[in-house]
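These numbers come from a predicted model, not from an experiment.
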Amino acid sequence: QLNEQGLNVSLYWKNSDPRKYVNIVPTSGISGEGIPDLLQLMVKLTQTMMSDRLMYVDSTECTVLEVKTMEGLGTTVDCILVNGKLKEGDRIVVCGMSGPIVTRIKALKTPMAMRESRVKGQLMDHKEIRAAMGVRIVAPGLEHAVAGTSMFVITPEDDEEELKDAVMEDMADIFSKVDKGGEGVCVQASTLGSLEALLTFLSSPEVNIPVSGINIGAVHKKDVMRANVMNEKHAKKYACILAFDVPVNKEAREMSEELGVKIFMADIIYHLFDQFGAYVKQFKAAEQEAARFIAVFPCVIKVLPTCIFNKKDPIVLGVEITEGIAKVGCPICVPTKDGIELGRIASMELNHKAVDTARAGVSVAMKIEPGNATEQSRMYGRHFDFNDALVSRITRESIDALKSHFQDEMTKDDWRLVIKLKKTFMIT
């Protein structure tokens with residue numbers, strides 16, 4: 001297929017002339033097979049075909065690969081030293097979640113010869129390390145260091161403030177997507193790259209999930225406490241942590257259950273979004289159910305004089321919804337008769353089928369049940385008749401509930417009717 005696209009390719013072990021044929025390295029995304037071959041080929045081609053462009057530079061160039069806590073050493077960082085050198089006692093500046101971290105190197109450690117740094121074993125101490133090499137740095141104050149960012153050595157000739165600004169440039173774009181003072185979810189990822197990818201996804205127009213806090217690494221108790229701030233702000237919907245490809249320790253899980261903070265875990269961004277989306281729908285439905293008795297939808301109802309089925313307790317009438325939306329549970333009153341209250345809509349029938357909602361232009365049979373002794377005395381023909389329009393009895397609390405929980409069910413015409421009824425009932 002690649003040959004059909006005009007590319008001359010060959011399996012790397014059969015390629016006799018890399019200048020004429022592009023090397024292909026078979027790899028597996030499941031087992032990882034082929035990755036060592038790919039790395040070996042990259043090193044070989046770099047050293048054989050780019051040797052003139054490879055040179056050692058004295059200026060230190062170092063990248064933090066991983067931040068981990070080691071027994072007996074505290075928090076350490078695994079770095080790759082690309083250029084320059086590191087010495088024990090050097091002052092360094094590292095990018096941190098809360099700002100630049102300035103500290104001093106206590107120890108430089110590397111694994112024993114022919115050993116991999118991720119395999120537990122005895123480490124060798126060094127007074128000085130020269131590029132290019134992987135090294136574990138032991139220094140105080142590295143708890144909030146960010147993996148995937150640059151690290152600089154502060155020399156007497158350097159401006160420390162400039163280096164602090166330079167080291168935080170990697171995080172500038174990420175911090176721009178976080179509103180620390182507002183409402184939003186907390187996001188945790190395993191690396192800076194995955195955190196950046198997740199934030200970009202969450203801030204896209206299709207998703208649009210606000211973020212109030214970020215962190216890199218496993219979820220701990222302090223992360224749960226930070227997410228719990230949303231509960232204190234009465235924004236319970238956002239009292240959750242989106243944990244992308246990171247573990248959650250036992251104490252954090254127990255605290256989250258105690259404080260009511262949700263933790264969503266996934267290794268794929270889209271799965272994380274699906275989990276949070278399902279949670280938001282469930283949360284919104286519960287909020288709407290709780291606010292359904294408070295929220296009163298605006299409606300104006302015309303009584304059909306030929307369809308009077310029961311005049312009193314309960315009042316059963318044939319009506320036409322002239323404006324707005326009538327719902328079961330809606331309190332009904334008569335503004336033209338000093339605003340007397342008749343009760344609440346108990347049920348509605350359309351073509352002999354029960355319905356919960358009726359919009360403008362629909363005619364239904366409506367049953368209005370009284371809620372107290374005064375409403376029980378209301379009678380069609382004595383207190384009101386077909387010349388009087390029936391309307392829903394809205395209040396300031398009901399309008400606020402509509403704004404908070406039922407925006408998507410309200411049309412522009414419905415809001416215009418709310419404004420009209422506000423004037424009728426003199427609501428400020």
Side-chain angles (χ1 to χ4, degrees), residues 285-406 409-410 413-428:
E287 277 192 327
Q288 287 182 340
E289 189 61 34
R292 197 165 293 280
F293 202 74
I294 302 171
V296 177
F297 285 81
C299 66
V300 177
I301 301 168
K302 176 185 176 183
V303 178
L304 301 177
T306 58
C307 301
I308 310 301
F309 305 112
N310 199 51
K311 294 184 178 183
K312 182 182 176 183
D313 191 18
I315 298 170
V316 183
L317 310 167
V319 299
E320 179 186 349
I321 315 301
T322 56
E323 291 182 80
I325 174 173
K327 290 205 170 196
V328 171
C330 177
I332 299 298
C333 68
V334 189
T336 54
K337 300 296 184 180
D338 298 325
I340 61 170
E341 297 180 357
L342 305 180
R344 291 180 177 267
I345 299 175
S347 61
M348 293 185 290
E349 284 191 6
L350 176 63
N351 297 327
H352 304 289
K353 291 183 180 178
V355 292
D356 294 328
T357 303
R359 280 202 165 272
V362 176
S363 296
V364 295
M366 180 180 291
K367 179 182 179 181
I368 302 173
E369 285 192 345
N372 53 52
T374 304
E375 292 175 356
Q376 284 178 342
S377 66
R378 305 302 184 199
M379 180 176 179
Y380 176 81
R382 179 185 298 172
H383 297 98
F384 72 100
D385 59 27
F386 66 89
N387 293 310
D388 300 305
L390 311 183
V391 303
S392 53
R393 184 66 172 91
I394 65 170
T395 61
R396 167 46 57 192
E397 291 75 16
S398 71
I399 295 171
D400 292 340
L402 288 176
K403 289 178 179 178
S404 301
H405 307 296
F406 299 95
E409 295 187 34
M410 295 282 287
D413 289 336
D414 294 335
W415 286 118
R416 291 191 191 100
L417 181 56
V418 168
I419 294 170
K420 189 166 76 173
L421 293 180
K422 279 174 65 177
K423 294 176 183 177
T424 300
F425 298 117
M426 293 183 288
I427 299 172
T428 56

Inset, instruction - To the nearest 0.5 Å, tell me how far Cys330 SG sits from Arg344 CZ. - result: 8.0 Å
Legend entry - Candidate pair Lys422 and Arg396, rule side chain to side chain contact (heavy atoms under 4.5 Å, CB included), full reasoning: CA-CA 9 Å; Lys422 279 174 65 177; Arg396 167 46 57 192; 3.5 Å; yes
Inset, instruction - Assess whether side chain to side chain contact (heavy atoms under 4.5 Å, CB included) is satisfied between Glu349 and Val316, documenting all intermediate values. - result: CA-CA 11 Å; Glu349 284 191 6; Val316 183; over 6 Å; no
Legend entry - Under-4.0 Å salt bridge between Arg359 and Asp414: yes
Inset, instruction - Any chance you could measure Leu402, atom CG, to Ile294, atom CD1, to the nearest 0.5 Å? - result: 11.0 Å
Legend entry - Residue Asn387 excluded, over 12 heavy atoms near CG under 6.0 Å: yes
Inset, instruction - Kindly check if the number of other-residue, nucleotide or ligand heavy atoms within 6.0 Å of CG (Asn351) is above 12? - result: no
Legend entry - Backbone N/O of Thr374 and side chain of Ser377: donor-acceptor pair under 3.5 Å: yes
Legend entry - Ser398 side chain to Ile394 backbone, donor-acceptor under 3.5 Å: no
Legend entry - Charged tip of Lys327 within 45° of Phe297 ring normal and under 6.0 Å: yes
Inset, instruction - Before giving the answer on side chain to side chain contact (heavy atoms under 4.5 Å, CB included), spell out for Arg416 and Asp413 the whole-Å C-alpha distance, their side-chain angles and the decisive distance to 0.1 Å. - result: CA-CA 5 Å; Arg416 291 191 191 100; Asp413 289 336; 2.5 Å; yes
Legend entry - Nearest-0.5 Å distance that lies between atom CG in Asp388 and atom CD1 in Ile301: 13.0 Å
Inset, instruction - Quick one: do Ile308 and Val303 satisfy side chain to side chain contact (heavy atoms under 4.5 Å, CB included)? Show the steps, please. - result: CA-CA 8 Å; Ile308 310 301; Val303 178; 3.8 Å; yes
